[in-house]
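To keep things clear, I will list the structure first and then write my remarks on it.
Counting starts at 1 for both ligands and their atoms, in listed order. Just the heavy atoms: all of them, side chains too, but no hydrogens, waters or symmetry mates, feed the values below.
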Amino acid sequence: MNKKNILVAGLGLIGGSLAKSMAASDENHIIGYDLNEDSLKFALLNGIVHETSHNFTQSALLADFIILAAPISETISLMREINTIAFKKEVIISDTASVKSPIMAAAKLLTNEKVTFIGGHPMAGSHKKGIQAAKSHLFENAIYVLSPTQEDSENELKKLQTILSSAKSKFVILNPDEHDEMTGVVSHFPHLIASSLVHQAKKWEKMHEFLPKLAAGGFRDITRIASSNPKMWQDIFSHNSSKMSVLLEDWIQEMKELKMLLDKDDKEKMITYLDKAKLYRDGLAESEKGAIPSFYDLYVDIRDQTGALATVVQLLANENISIKNIEILEVREDITGVLRLSFYTKDAQLYSSRFLENNGYETMIQK
Ligand SMILES: NC(=O)C1=CN([C@@H]2O[C@H](COP(=O)(O)OP(=O)(O)OC[C@H]3O[C@@H](n4cnc5c(N)ncnc54)[C@H](O)[C@@H]3O)[C@@H](O)[C@H]2O)C=CC1
Ligand SMILES: O=C(O)C(=O)Cc1ccc(O)cc1
């Protein structure tokens, strides 16, 4: 069989996860390129790639597909390098960057006729970075945005979707501006706010040193994303700065209106405000794994006793269920606590719920 040569440039969390899922197909030969020697070694040792490369141009000349999965600024540099390569055969190139307009602007400057560039953004991630955190199922059920450059790239779009199909995501075609505005609202801006909430708590801790002990489930939930990779988020904010600036203006205005409601103690308007937010948020939870990577959460009541957590985890491990994340919520000494288990798939979530209930646990799936 004539295997497809796929060059993945940037073997971090995202490139590594894509490479891992594509390497599982017998039809693909994955070549990994990264500036970091340890990442290359790790990828080869763990079967994430079939071959490693220290020469981007040389490997690009062999490739049928190139996936650029480096930080945004580095992706743009790699695109400039691509423009200097004398390709002898057709090549389909895509990227994974979280902001699309600067990438598509760089794509417009690609002059080589053999090259078809289709922007890409698999919309799932984690707070971790690097190849060690790569998972072949990271993008399962997540939205995968594609932004073709030319209308006549329909055929190439299909080819790209075929090689990416191993990621099991849902493809959506968006233009770069729409993409950046929407991801600005539901992904980039929330990160900024999460970080600012943490800064606020840190400031107030100077007044009340007991404050962190009061940081309960709500604060932890809303600031979870502030623990993500700062360098990557700075890169994202900087490349989507005009959209972010508009969103920040909008937010400041809304905060001013909220302050007025509070100062006037306008109870009815405040209930309406909270009610509308609840309605919209509850509606979001009903949809399938969407643009923001919602993992499938299951809440399990446990007693705050030694071994309670281990028992639940062991029960699920015996059933071969992989858990993405575990968090203990609302535990006070000797009082019932709640475990939040996050799964990669809805099936795992539903199965675990039934299975744990059959073993005497009370579970809840939040709608
Ligand atoms: N982390 C996330 O949650 C998501 C990130 N993205 C996007 O995917 C891209 C990669 O992000 P991550 O994998 O999270 O970052 P990462 O930090 O885990 O990996 C980036 C990798 O690129 C390599 N690299 C840097 N410059 C390079 C160059 N010039 N040539 C080759 N390799 C180079 C680094 O050595 C590293 O291995 C970024 O553009 C990001 O915006 C997209 C979706 C989700
Ligand atoms: O886990 C989270 O909260 C994320 O926000 C993940 C994420 C990060 C960057 C992207 O471009 C897409 C998804």
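Among pairs with a residue in residues 101-132, those fulfilling ring-ring contact (aromatic ring centres under 6.0 Å, His included) read His121-His179, at least two apart in sequence or across chains. Annotation: ring-ring contact (aromatic ring centres under 6.0 Å, His included) contacts involving residues 54-75, sequence neighbours excluded, comprise Tyr33-Phe56.
With a 4.0 Å cut-off on non-hydrogen atoms, Ala124 touches ligand 1 through its backbone and not its side chain. No part of Ala133 comes within 4.0 Å of ligand 1, judged by heavy-atom distances. Only the backbone of Leu11 comes within 4.0 Å of ligand 1, judged by heavy-atom distances. Residue-level proximity to ligand 1 for Ser228 is absent, since no heavy atom of it falls below 4.0 angstrom.
Between Ala97, Pro71, Ala70, it is Ala70 that holds the heavy atom closest to atom 9 (C) of ligand 1.
Using a 4.0 Å cut-off to heavy atoms of His191, the atoms of ligand 2 that qualify are 5 (O). For ligand 1 and Asn36, the ligand atoms under 4.0 Å from any heavy atom of the residue are 35 (O). Ligand-side atoms of ligand 1 in range of His121: 42 (C), 43 (C), range being under 4.0 angstrom from any heavy atom. Counting the atoms of ligand 1 from 1 in the order shown, those under 4.0 Å from a heavy atom of Pro122 are 43 (C). Each of the atoms 9 (C), 10 (C) of ligand 1 lies under 4.0 Å from some heavy atom of Ala69.
The shortest heavy-atom distance from Arg224 to ligand 2 is under 4.0 Å. Residue-ligand proximity: Thr75 is placed with every non-hydrogen atom at 4.0 Å or more from ligand 1.
Protein heavy atoms come within 4.0 Å of atom 6 (N) of ligand 1.
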